[in-house]
Every structure is written in C-alpha cells, then in structure tokens.
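Accompanying notes for the structure given below.
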Number of protein chains: 2
Amino acid sequence: MNYAKRVHSPYGDGSLAGDLSLAVVRFARRLRGRRENKLVSLTQLSALSTLHHEGPMTPGALAAAERVRPPSMTRVIASLSDLGMIKREPHPTDGRQAIVTLAPAGMEVVTEELAARKAWLSDRLRELTPDERDTLRDTVLILNKVLADTED
Amino acid sequence: MNYAKRVHSPYGDGSLAGDLSLAVVRFARRLRGRRENKLVSLTQLSALSTLHHEGPMTPGALAAAERVRPPSMTRVIASLSDLGMIKREPHPTDGRQAIVTLAPAGMEVVTEELAARKAWLSDRLRELTPDERDTLRDTVLILNKVLADTED
DNA sequence: TATTGTTATACTCTATAACTATA
DNA sequence: TATAGTTATAGAGTATAACAATA
C-alpha cells in the first residue's frame, strides 16, 4: 500500500461511509471481547480515562464527554463508585449537581489498564509499517473531530 | 493538519493503542446510537452485508467472519430469518450444517440501509478534507488487516 | 418552570455451559 | 469421539419515560 501517492477518490464515492462503519464496529467488538478477567470494562475505563484527562466533572458533563445519555452514565458512575474507583462530592454552589473525581484506586487502574490493553493491541500495531501507524494516529484525530462536530 | 509531512512517531510511543481503542469504541457507540427507527440493527446489517459480499455460507462461517461466537450468530440468524431477510437451506452433504442465504428482502435492506446509514456519516465525512478521507480509507484497510491477523 | 440527576424498565449484543444431532 | 449448531442463562451497555430535588 502506498498511501502518499494514491490519487484522491472522488468526493462522493460513498463506499467510505459503509466500509468505515462496518470496520469500526467489528474492531470495537473485538476490543470489548479482549477484556475478560479485567478489573473494569471498556465503558468504565473510558469514563475513568476521561476523568483522568479532563479532571473532576459533573455526571452530566461526563455523559456528554462520553456521548451517552445521563441514565447510562448514572449506571457507569454507580458501578465505578462501588469499586471505589471514583468519589462523588457535593457541588459547591448547585445542590442538584455533584462532582465526580477519580479516587486513588481509579487512578491506579487507569494506568494499569491502559498498559494492559496496549499489550495485545500494541502487538498488532507493531506488525504494521510506520506509515500505517501514522495513518491510525491521524484517524484518531479525525474521528475525534467528527465526534466533536456532532453535537446533537 | 498536514499528514504527509509529519515525521513518524517513535516505534513504541505507546499512546496510539490507548487513543485508538478509545476513539474506536466511542465512534462505534455513536454509530449504533444512530440507528433508531431502522429496520435492522448494525449487528444484523453487518451480517447481511457479509452475506451480500461473500455469498451463502454456514452459520459457523458467518460467525467466524463476523468474529462472534456461534451462539451469538444463532440469535442474529434467527432474528433475520424472522424478518424474512435470510433463508436457511440444508447443507448438501452434511446434515449438521446449514446454508444461510440472503433473501430478496435482505438484499433490498442491505442496499437501502447502506444508503441510509451514509446519510449522516457522509455528511460528516463531506466536511473533511480529501486527505482526511484518504486517511480513513487507509484505516479501513488497516483495521481489516489487523482483524484478519488476529485469528484466535 | 427549567435543569440535573436518578429510578424503573426494557431491549440489544455478546458470552459460557450444556445439550442435540450428525459425522 | 469430534464437530456444527441450538438452547438456556447471564451480564454489560444503552435507551426512553417518569420521577425527585433544586434552581
């Protein structure tokens, strides 16, 4: 595969949307399946990771960041709280809200799980060429940009 | 973003695996959530799409192609059969197996759903640069390659 | 009234374990 | 015995609708 030299496909060739969504869904299925015997699920890890990167926030903000509905995040927060990985603190000025913070156990898990998850995926990535890895790095930026632009 | 000129990141920088898996999972979540009021789910569509691309096959082969366990595929097949989108036919030589084929209704749905799904994703993709779309096209190839290389 | 969050409920997706039928 | 597939069961993840508490 020579990415640099390939001519751009026409604007509306259409197959990209279909191919991309199938590939992403199958890959995500695979990533989730790889998590047996782990302390937290990928959904939980994703929430912990967001708290790690962006700091304490309200449940609503965390739901928005993770792009799930508030009731879904309520359950994720409850499960992580049961595991002692996050703490709920009262909001300083608004009694309706709460502030969710990463507990020490959660911080530890984020670090360990990120390392563990890399174990198998990094093995796969290591077999790719530097160009292919760069492509995937760019993809992370593009997917996050697309997600950020989809506000509804 | 200028993808072509960027220097390759060092071999083992490690963050790619973590960033990629989080981005993929969030994107997949978004894709699934976009399917309300659709005739078939993304899982069902994925199976129909495989039958469309690769032709009739046994439930076991379909499970392998979709990278799910046989019992999971049994349920997908049953639901698609209830919807009249696939047909089960006896295997010519092995009484244990069956051959799953795409029914006319299934063929129609694959075509229509692929078009419908593109409606929103294509809107997003259209806002990207040609370089960014090429990056995503390459990513589809890379992800499928990684999935194909992970046989266990 | 509007907003934030939770509870109640239900559906989809996937898995493991145990079973049936055929090879 | 081994293989292909199904059934039974369970758990994770997500959603909508209805509710409670606070602004």
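Because the structure is a prediction, the values reported are computed rather than measured. Just the heavy atoms: all of them, side chains too, but no hydrogens, waters or symmetry mates, feed the values below. Numbers restart at 1 for each chain; the letters A, B, ... are given by sequence-line order, proteins then strands.
- Look at A:Glu66 and B:Arg29 and you find a salt bridge, because one of the NZ, NE, NH1 or NH2 atoms lies within 4.0 Å of a carboxylate O, short of that distance.
- Among the nucleotides C:dA8, C:dG5, D:dA23, the one closest to any side-chain atom of A:Arg96 is D:dA23.
- Residue A:Arg69 places no side-chain atom within donor-acceptor reach of the base of D:dT14, judged by atom type and a 3.5 Å distance cut-off alone.
- Of the listed nucleotides (D:dA4, C:dG5, D:dT22), D:dT22 has the atom at the smallest distance from the side chain of A:Asp94.
- The base of D:dT14 is paired with the side chain of A:Arg75 by a donor and an acceptor separated by under 3.5 Å.
- Residue contacts shown for B:Ala98 are limited to sugar-phosphate atoms, with no base heavy atom under 4.0 Å away.
- Here the side chain of B:Pro59 is nearest to one of D:dG5, D:dT16, C:dG5, namely D:dG5.
- Considering only the side chain of A:Arg88, C:dT6 comes nearest among D:dA15, C:dT6, D:dT22.
- Comparing A:Ile77 and B:Val68, the nucleotide of DNA chain C nearest to each residue sits closer to the 5' end for A:Ile77.
- Here A:Ser79 lies out of heavy-atom contact (under 4.0 Å) with every strand.
- Note on B:Thr93: only backbone sugar-phosphate atoms sit closer than 4.0 angstrom, heavy atoms only; bases stay farther off.
- Listed candidates were C:dT6, C:dC13, D:dT14. Nearest to the side chain of B:Ser41 is C:dC13.
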